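Count residues from 1 along the sequence. Just so you know, these numbers use all the heavy atoms, side chains as well, and skip hydrogens, waters and symmetry mates. These figures come from a predicted structure and were not determined experimentally.
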Amino acid sequence: MKLVSTWRTLHRYVGIAAGAVLCVLGLSGSVLVFRPELERRMRPNLFTVPAVGTPAALTDLQAAAAAAVPSLELYRVRVPRDAGSSCEFIFGTHGRLTTRLYIDPYSRRVLGIRTAGSDFFLWLQSLHFDLLTAESGRQINGVFAMTLVVLCLSGLLLWLRSTASWTARVWPRWGVRSVRRHWGLHITAGFWGSPFLLLMSTTALYFAFHEPVARIVYALTLSAAPASVPQVQSPPGAVSLDALLQQARSLEPTGEFTLIRLPRSPDQPATLNYVLPGDWSDLGANGIHFDPNSGAALRIDRMRDMQLGARIVSAFVPLHFGTFGRTPARVLWALFGALPSVLFTTGLAIWSRRTTRRSRPEGTSSEQSRFEFVTKDSRS
């Protein structure tokens, strides 16, 4: 009983302390699940172009993009996945991605530039990823992910120790007084939503603390850690993006290439991500590493060939953002993103009612001060 009381106290006050931030993270994640569709609908001039003529070479588009933002470094190029899409160039400084520039691949015209300070969705992404704090926000986010793990585990323990009937613990009751309704919704939403919340918190921990979480996954799955990304040791040179893309397509003729990651230091390779037929994620979990100076292929990483631990780690991104299973999975992910808000508001209502009840003079209410009245009612 002392252990249950300790977990109840921990669950209550950790939830009160971290609940508001977890609500913000959950709701912002729900919106970001449908970010591609929302961006195209709200700003079609940036993402959709008329497919007239022959698209220009990536090298020419790169030159036009660099001329528009000469003070920034090019870090990534998002390859158009269909004939009617623009080409996205992602720039930054000191290793941080700050600016997205869009070019019509047919006319070579710059369509627009987006930054976190001028675009709602990039601002929302910064809020969700880094709490608007680039330097330490990702790690702070990881701390809140840990609190979510604590809340899930303590909530499941309290759910198992509850004396309410099984029906009351797995399905809310609506035709009852508000305090009983809040309790029923809180305990059932926590029960059904805990697997999702644990998945979100675990993957968020990986984004905040890559290496420790990956090592834990490798150890639990008895998998060897994948080899480090090959380092570049060739003399300085320059291979065009078109040459890299052409060579990558010759190595993986069935692959759909989605992203070119340029090196951020002289010893890093250029990596081209791609999707293979039958992949369950559409983000491109496979990659070919190239020497950016000579164009030599250094290594091919296919997700389906990796050991279990590496496949799990690679799956964290699509699992967190719901980019699998097409629209049904994303709809479900968006709905589950509202769970922290449901749990926080119902938990706060229960706590507020309980605090008010305790503050009344003795004898002013015939109801019990703990949750036995809820469990007794749910058994009847």
For atom [atom1] of [X], is the number of surrounding heavy atoms from other residues, nucleotides or ligands below 6.0 Å larger than 12?
X      : atom1 : answer
Trp171 : CH2   : no
Gln246 : CD    : no
Arg96  : CZ    : no

Between [X] (side chain) and [Y] (backbone), is there a donor-acceptor pair under 3.5 Å?
X      : Y      : result
Asp291 : Ala296 : no
Ser154 : Val150 : yes
Thr221 : Val217 : yes
Arg311 : Met306 : yes
His186 : Thr346 : no
Asp242 : Leu58  : yes

Exercise for review: May I have all residue pairs that pass salt bridge (charged side-chain N to carboxylate O under 4.0 Å, His left out) and include part of residues 60-79, sequence neighbours excluded?
Suggested key: Asp60-Arg108, Arg78-Glu88
Point to revise | All pairs passing side-chain hydrogen bond (donor to acceptor under 3.5 Å, both in side chains) where residues 23-32 contributes a residue, at least two apart | key: Ser28-His128
Practice item. Give the ring-plane orientation class for Phe257 versus Tyr274, where under 30° counts as parallel, over 60° as perpendicular and anything between as tilted. Key: tilted
Practice item. Can you label the angle between the Trp159 ring and the Phe191 ring as parallel, tilted or perpendicular, going by 30° and 60°? Key: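 Trp159 and Phe191: parallel rings.
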Review point. Hey, are the side chains of Leu22 and Met200 touching, using non-hydrogen atoms and a 4.5 Å cut-off?
Key: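 No. Closest side-chain heavy atoms not under 4.5 Å.
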Check your understanding: Do Val239 and Pro292 touch side chain to side chain, with heavy atoms closer than 4.5 Å?
Key -> no
Exercise for review: Could you list who else is in Val232's hydrophobic cluster, with ILVMFWY side chains joined at under 4.5 Å, directly or through other members?
Suggested key: Leu298
**Study point:** Lys NZ or Arg CZ of Arg169 over Trp166 ring: under 6.0 Å, within 45°
**Key:** yes
For [X], what residues pass the salt bridge (charged side-chain N to carboxylate O under 4.0 Å, His left out) criterion, not counting sequence neighbours?
X      : answer
Asp119 : Arg43, Arg114
Arg304 : Asp279
Asp305 : Arg302

